Amino acid sequence: MPQAVIEQALQQLQQVLIGKPRVIRMALACILARGHLLIEDLPGMGKTTLSQALAQTLGLSYQRIQFTSDMLPADILGVSIFDKQQAEFVFHPGPIFRQMVLADEINRASPKTQSALLEAMAEQQITIDGITHLLPRPFFVVATQNPSEQSGTFPLPESQLDRFMMRLSIGYPSQDAELKMLKSSNDKSLPLPQCLSAMELTQLQQQCDQVAASDALLAYILALVEGSRELNEGYGLSPRAAKALLAAARAWAFIHGRQYLVPEDVQAIFVAVAEHRLRQSNQQQGEQLSLRLLSTINPIR
């Protein structure tokens with residue numbers, strides 16, 4: 001049953017983002033692993049379309065927030081306004097109170113505004129005027145980011161990048177996929193059928209947690225993490241990154257119908273989980289360091 005639902009969701013998403021099956025599987029694995037997703041690419045590549053399709057397919061409440069340079073944290077979190085009749089301040093929730101939030105062009109906002117998401121992404125709650133407000137469950141942030149060399153962008157600090165489990169790049173479609181897209185008369189803005197509910201998604205996440213990981217497999221993950229910390233360039237992977245590697249690998253195995261991990265699962269998701277944490281100056285550096293680790297550290301069979 002779970003596998004049939006997953007395949008149904010994947011097929012539906014592939015009708016929206018044509019010719020990118022691996023990107024779609026990665027995005028779904030990130031959600032199943034309870035992770036936040038950063039999609040970095042040029043404008044017009046389908047980043048927003050993918051996030052909308054994910055929310056509709058998974059039955060999640062959805063809100064898009066367009067980040068701009070003049071945006072304030074209150075525009076995201078909400079604000080307390082004095083009510084004369086009640087003679088007290090009343091909190092008015094912001095757009096972050098949805099199960100899936102699209103932080104569109106997140107790096108166009110100032111670092112102060114970007115930091116408004118830190119507590120929400122780490123603890124699924126926000127604190128306003130000393131009062132803690134719980135966010136809906138499940139809660140995911142899907143952020144899109146323009147290339148840092150484009151004008152009007154602020155680089156995401158390392159603490160913010162580390163909150164994202166994966167960073168994906170959609171890339172240009174193949175010629176056949178783009179031709180199919182041009183010939184298609186379907187309106188992708190129309191609501192998509194819901195494949196599962198938020199409760200069913202939570203159950204699938206719990207099943208992902210049960211995917212078995214042997215001691216040898218855990219030793220392989222630790223070897224990759226330790227190897228990253230011994231590099232002379234870039235930043236080493238944090239303990240949060242190590243947990244993200246395990247959770248993402250479990251979700252990847254679960255999507256492919258297995259209840260146990262193999263080294264290929266870790267290798268499949270490693271670059272997406274590690275490169276944005278390892279980069280020091282640019283995306284290419286992070287990818288190169290990730291691939292170097294995979295090529296030099298062999299799994300224990």
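For the numbers below, each heavy atom of this structure counts, side chains included, while hydrogens, waters and symmetry mates do not. The structure presented is a predicted model; accordingly, all values stated were derived computationally and were not measured.
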Do we see a donor-acceptor contact under 3.5 Å between the side chains of Ser174 and Asp176?
-> no
Test item: side-chain donor near acceptor, Ser169 and Glu40, under 3.5 Å = no
Please walk me through it: do Leu293 and Leu278 pass side-chain contact (heavy atoms from CB on, under 4.5 Å)?
-> CA-CA 11 Å; Leu293 286 169; Leu278 293 176; 4.0 Å; yes
Do side-chain atoms of Asn107 reach the backbone of Leu156 as a donor and acceptor pair under 3.5 angstrom?
-> no
Say whether, by atom type as modelled, one donor and one acceptor occur between the side chain of Glu200 and the main chain of Ser197 under 3.5 angstrom.
-> yes
Results of salt bridge (charged side-chain N to carboxylate O under 4.0 Å, His left out) for [X] - residues two or more places apart only:
X: Arg98; value: none
X: Glu7; value: Arg25
X: Arg163; value: none

Around Phe91, counting heavy atoms of other residues, nucleotides and ligands shown, do more than 12 lie under 6.0 Å from its CZ?
-> yes
Flag if over 12 foreign heavy atoms under 6.0 Å of CG, Asp83 | yes
Any side-chain heavy atom of [X] sitting closer than 4.5 Å to one from [Y]?
X: Ser61; Y: Met100; value: no
X: Ile128; Y: Ser80; value: yes
X: Glu105; Y: Gln145; value: no
X: Thr113; Y: Ile106; value: no
X: Arg34; Y: Asp209; value: yes
X: Asp162; Y: Glu158; value: no
X: Arg258; Y: Val211; value: no
X: Pro173; Y: Ile18; value: no

Distance in Å, [X] [atom1] paired with [Y] [atom2], rounded so as to fall on 0.5 Å steps:
X: Gln8; Y: Leu13; atom1: CD; atom2: CG; answer: 10.5 Å
X: Arg108; Y: Gln66; atom1: CZ; atom2: CD; answer: 8.5 Å
X: Gln207; Y: Thr202; atom1: CD; atom2: OG1; answer: 11.5 Å
X: Cys30; Y: Leu54; atom1: SG; atom2: CG; answer: 9.5 Å
X: Gln14; Y: Ile24; atom1: CD; atom2: CD1; answer: 5.0 Å
X: Glu226; Y: Ile221; atom1: CD; atom2: CD1; answer: 14.5 Å

Please identify each residue that fulfils side-chain contact (heavy atoms from CB on, under 4.5 Å) with [X], with sequence neighbours left out.
X: Ala248; value: Met165, Met166, Ile269, Val273
X: Thr132; value: Gln125, Thr127
X: His92; value: Ile81, Val90
X: Leu28; value: Ile6, Leu10, Leu32, Leu58, Ile255

Taking [Y] as the starting point, is it possible to reach [X] by hopping between hydrophobic residues whose side chains are less than 4.5 Å apart?
X: Leu161; Y: Leu245; result: no
X: Phe164; Y: Leu50; result: no
X: Phe270; Y: Leu218; result: yes
X: Tyr62; Y: Leu37; result: yes
X: Val225; Y: Ile297; result: yes

Taking every non-hydrogen atom, the tightest pair across [X] and [Y]:
X: Phe254; Y: Gln3; value: O-OE1, 3.3 Å
X: Ser238; Y: Arg229; value: C-NH2, 3.8 Å
X: Ser290; Y: Val271; value: CB-CG2, 4.0 Å
X: Arg277; Y: Ala244; value: NH2-CB, 4.2 Å
X: Leu60; Y: Ala198; value: CD2-CB, 4.0 Å
X: Val23; Y: Leu168; value: O-CD1, 3.8 Å

Quick one: hydrophobic cluster around Met199, which other residues, with the 4.5 Å side-chain cut-off, linked directly or via members?
-> none
Residues that, via side-chain heavy atoms closer than 4.5 angstrom, fall in one hydrophobic cluster with Ile131 = none
For Tyr172, the ring-ring contact (aromatic ring centres under 6.0 Å, His included) test, sequence neighbours excluded, returns none
Could you please spell out the steps behind the side-chain contact (heavy atoms from CB on, under 4.5 Å) verdict for Cys195 and Gln12?
-> CA-CA 9 Å; Cys195 293; Gln12 178 164 293; 3.9 Å; yes
Which is it for Glu178 and Met181 under the side-chain contact (heavy atoms from CB on, under 4.5 Å) test, yes or no, and what are the steps along the way?
-> CA-CA 5 Å; Glu178 196 159 14; Met181 179 187 67; 3.8 Å; yes
Would you please test Leu117 and Ile96 for side-chain contact (heavy atoms from CB on, under 4.5 Å) and show each step?
-> CA-CA 9 Å; Leu117 293 173; Ile96 199 172; 3.7 Å; yes
I'd like a table of donor-acceptor pairs (distance under 3.5 Å, sequence neighbours excluded) in which one partner is a side-chain atom from residues 134-142, with atom names and distances.
| unit_1 | atom_1 | unit_2 | atom_2 | d |
| --- | --- | --- | --- | --- |
| Arg137 | NE | Gln124 | OE1 | 2.7 |
| Arg137 | NH1 | Gln124 | OE1 | 3.2 |

Please, which pairs that meet salt bridge (Lys or Arg N to Asp or Glu O under 4.0 Å) have at least one residue in residues 48-64, sequence neighbours excluded?
-> Arg64-Asp104
